[in-house]
Student: 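I'd like to ask some things about the structure below.
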Amino acid sequence: QFILRNVKTIMLYNIFLSVHIISFTAWMAGMFYLPRLFVYHSQKDVGTDSSETFKIMERKLLKIIMNPAMISTWVFGFLLIGHIGFEIMLELWLQIKLLLVLFMSGCHGFFAKIVRNFENDQRDRSEKFYRYINELPTILLIIIIIMAIFKPN
């Protein structure tokens with residue numbers, strides 16, 4: 001009975017962790033690709049076929065992949081915390097990681113605003129700006145992974 005309960009607990013943890021990692025990977029793929037689309041989109045004239053194609057690509061990437069992946073990342077992250085025990089929230093590494101994931105979510109929201117701006121043919125940023133913001137998710141990802149793996153206190 002005890003061994004069976006432990007096996008079920010470990011299996012549930014592994015399921016939560018697997019879905020969390022898969023979701024985070026899908027989210028990050030979108031966070032890396034969407035600003036790259038912005039760079040190319042900003043080079044196209046308003047109203048051209050290619051500009052309209054970029055609008056579709058950006059909207060679908062955000063709505064079909066990135067939004068569900070971000071939500072799933074958060075949900076399964078909190079399921080992991082609940083499964084381990086909420087006292088883990090007192091550990092500094094997790095607090096830093098969660099703060100950085102909040103920043104990543106804010107970056108996601110900012111990217112969604114840019115998608116809406118492009119959708120409405122509002123172009124108030126340069127190609128260079130989009131090249132710079134392309135680096136932000138990478139920096140956050142590196143620090144988040146370091147927090148999760150090394151758990152520094």
Side-chain angles (χ1 to χ4, degrees), residues 8-44 50-152:
K8 286 181 182 178
T9 299
I10 292 168
M11 285 293 292
L12 194 57
Y13 174 82
N14 287 336
I15 289 168
F16 290 165
L17 182 60
S18 296
V19 177
H20 179 69
I21 292 170
I22 291 165
S23 300
F24 186 72
T25 302
W27 184 25
M28 289 304 96
M31 292 293 287
F32 295 148
Y33 188 50
L34 189 59
R36 180 59 33 195
L37 289 177
F38 296 157
V39 170
Y40 299 136
H41 192 170
S42 69
Q43 298 169 344
K44 304 300 176 191
S50 56
S51 177
E52 296 304 311
T53 300
F54 277 112
K55 288 179 185 181
I56 293 166
M57 293 169 63
E58 292 159 356
R59 183 177 57 249
K60 286 186 174 184
L61 178 61
L62 182 68
K63 301 289 184 189
I64 297 171
I65 296 172
M66 292 174 63
N67 288 347
M70 179 186 68
I71 292 166
S72 182
T73 297
W74 276 101
V75 167
F76 283 92
F78 279 117
L79 285 172
L80 279 167
I81 290 169
H83 190 73
I84 294 168
F86 287 102
E87 60 274 0
I88 195 170
M89 293 286 292
L90 299 173
E91 295 191 25
L92 182 61
W93 71 269
L94 185 58
Q95 294 170 3
I96 293 169
K97 180 185 173 209
L98 288 172
L99 180 65
L100 294 170
V101 176
L102 272 174
F103 287 152
M104 187 75 78
S105 298
C107 188
H108 177 113
F110 181 63
F111 289 175
K113 181 182 182 296
I114 294 171
V115 168
R116 286 190 302 274
N117 287 348
F118 272 119
E119 187 72 33
N120 295 320
D121 294 323
Q122 297 172 349
R123 298 181 180 208
D124 54 352
R125 308 278 187 188
S126 70
E127 172 189 335
K128 194 173 190 178
F129 172 80
Y130 299 118
R131 289 185 188 280
Y132 285 133
I133 65 167
N134 191 48
E135 304 307 323
L136 187 58
T138 303
I139 294 165
L140 291 171
L141 173 72
I142 290 167
I143 301 169
I144 288 168
I145 289 175
I146 288 170
M147 290 295 120
I149 300 297
F150 291 101
K151 298 176 176 55

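Note: hydrogens, waters and symmetry copies are ignored here, and every other heavy atom, side chains too, is used.
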Student: Which heavy atom of Leu62 sits nearest a heavy atom of His108, and at what distance?
Tutor: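 It is CD1-NE2, 3.7 Å.
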
Student: State, yes or no, whether a side-chain contact exists between Leu12 and Leu79 at a heavy-atom distance under 4.5 Å.
Tutor: no

Student: Tell me the ring-ring contact (aromatic ring centres under 6.0 Å, His included) pairs involving residues 120-141, sequence neighbours left out?
Tutor: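 Matches after skipping sequence neighbours: Phe38-Tyr130, Phe118-Tyr130.
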
Student: What's the spacing between Lys44 NZ and Lys55 NZ if we round to 0.5 Å?
Tutor: 14.5 Å

Student: Does some side-chain heavy atom of Met104 sit less than 4.5 Å from a side-chain heavy atom of Met28?
Tutor: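 The answer is yes; the side chains approach within 4.5 Å.
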
Student: Could you tell me if the side chain of Tyr33 sits less than 4.5 Å from the side chain of Met66, heavy atoms only?
Tutor: no

Student: Does any pair with a residue in residues 56-70 pass salt bridge (charged side-chain N to carboxylate O under 4.0 Å, His left out), and if so which ones, sequence neighbours excluded?
Tutor: Arg59-Glu119

Student: Would Leu102 and Leu98 count as a side-chain contact (heavy atoms from CB on, under 4.5 Å) if you check the C-alpha gap in whole Å, the side-chain angles of each, and the deciding distance to 0.1 Å?
Tutor: CA-CA 6 Å; Leu102 272 174; Leu98 288 172; 6.0 Å; no

Student: Given side chains that start at C-beta, do those of Ile21 and Phe76 come closer than 4.5 Å, heavy atoms only?
Tutor: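 A side-chain contact under 4.5 Å is absent here.
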
Student: Taking all heavy atoms of Trp93 and all of Pro152, pick out the closest pair and write down the distance.
Tutor: CB-O, 3.2 Å

Student: So, Glu127 side chain and Tyr40 main chain: donor-acceptor pair closer than 3.5 Å or not?
Tutor: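 Looks like no, no N/O pair under 3.5 Å.
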
Student: If you measure from CG on Leu141 to CD1 on Ile145, what distance do you get to the nearest 0.5 Å?
Tutor: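 Rounded to the nearest 0.5 Å, the CG-CD1 separation comes to 4.0 Å.
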
Student: Would you check if Leu61 and Phe111 make a side-chain contact, meaning some heavy-atom pair closer than 4.5 Å?
Tutor: no

Student: Between CG of Asn14 and CZ of Phe16, what distance do you get to the nearest 0.5 Å?
Tutor: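 So the CG of Asn14 and the CZ of Phe16 are separated by 11.0 Å.
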
Student: Please test His41 against Ser51 for side chain to side chain donor-acceptor pair (under 3.5 Å), starting from the C-alpha separation and ending with a verdict.
Tutor: CA-CA 6 Å; His41 192 170; Ser51 177; 3.1 Å; yes

Student: Given side-chain contact (heavy atoms from CB on, under 4.5 Å), test Val115 with Leu34 step by step and report yes or no.
Tutor: CA-CA 9 Å; Val115 168; Leu34 189 59; 4.0 Å; yes

Student: Can you name the closest pair of heavy atoms from Leu80 and Leu17 and give their distance?
Tutor: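 For Leu80 versus Leu17, the nearest heavy atoms are CD2-N, 3.7 Å.
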
Student: What are the two closest heavy atoms between Ala26 and Ile65, and how far apart are they?
Tutor: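 Heavy atoms of Ala26 and Ile65 come nearest at O-CG2, 4.1 Å.
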
Student: Please report the shortest heavy-atom distance between Pro35 and Gly30, naming the atom on each side.
Tutor: CD-O, 4.2 Å

Student: Evaluate the ring planes of Trp74 and Phe78, with Trp represented by its six-membered ring, and classify them as parallel (under 30°), tilted (30 to 60°) or perpendicular (over 60°).
Tutor: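 Parallel: the ring planes of Trp74 and Phe78 meet at under 30°.
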
Student: At what distance, to the nearest 0.5 angstrom, does CD1 of Ile139 lie from CD1 of Ile144?
Tutor: 11.5 Å

Student: Report, as yes or no, whether the 6.0 Å neighbourhood of atom CZ on Phe32 holds more than 12 heavy atoms from other residues, nucleotides or ligands.
Tutor: yes

Student: Once you round to the nearest 0.5 Å, how far does NZ of Lys97 lie from CD1 of Ile149?
Tutor: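 If I round to the nearest 0.5 Å, the distance is 9.0 Å.
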
Student: I'd like to check Arg125 versus Ser42 (side-chain heavy atoms, cut-off strictly below 4.5 Å). Are they in contact?
Tutor: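 A side-chain contact is absent here, since even the closest heavy-atom pair is not under 4.5 Å.
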
Student: Could you pull out the closest heavy-atom pair between Cys107 and Leu136, with the gap in Å?
Tutor: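 Closest heavy-atom pair between Cys107 and Leu136: SG-CD2, 3.7 Å.
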
Student: Answer yes or no: is there a side-chain heavy-atom contact under 4.5 Å between Leu100 and Phe103?
Tutor: yes

Student: Mind checking the NZ-CD1 spacing from Lys151 to Ile96? Nearest 0.5 Å is all I need.
Tutor: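 So the gap between those two atoms works out to 13.0 Å.
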
Student: Could you check whether any side-chain heavy atom of Leu94 comes within less than 4.5 Å of a side-chain heavy atom of Ile81, counting everything from C-beta outward?
Tutor: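 A side-chain contact under 4.5 Å exists here.
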
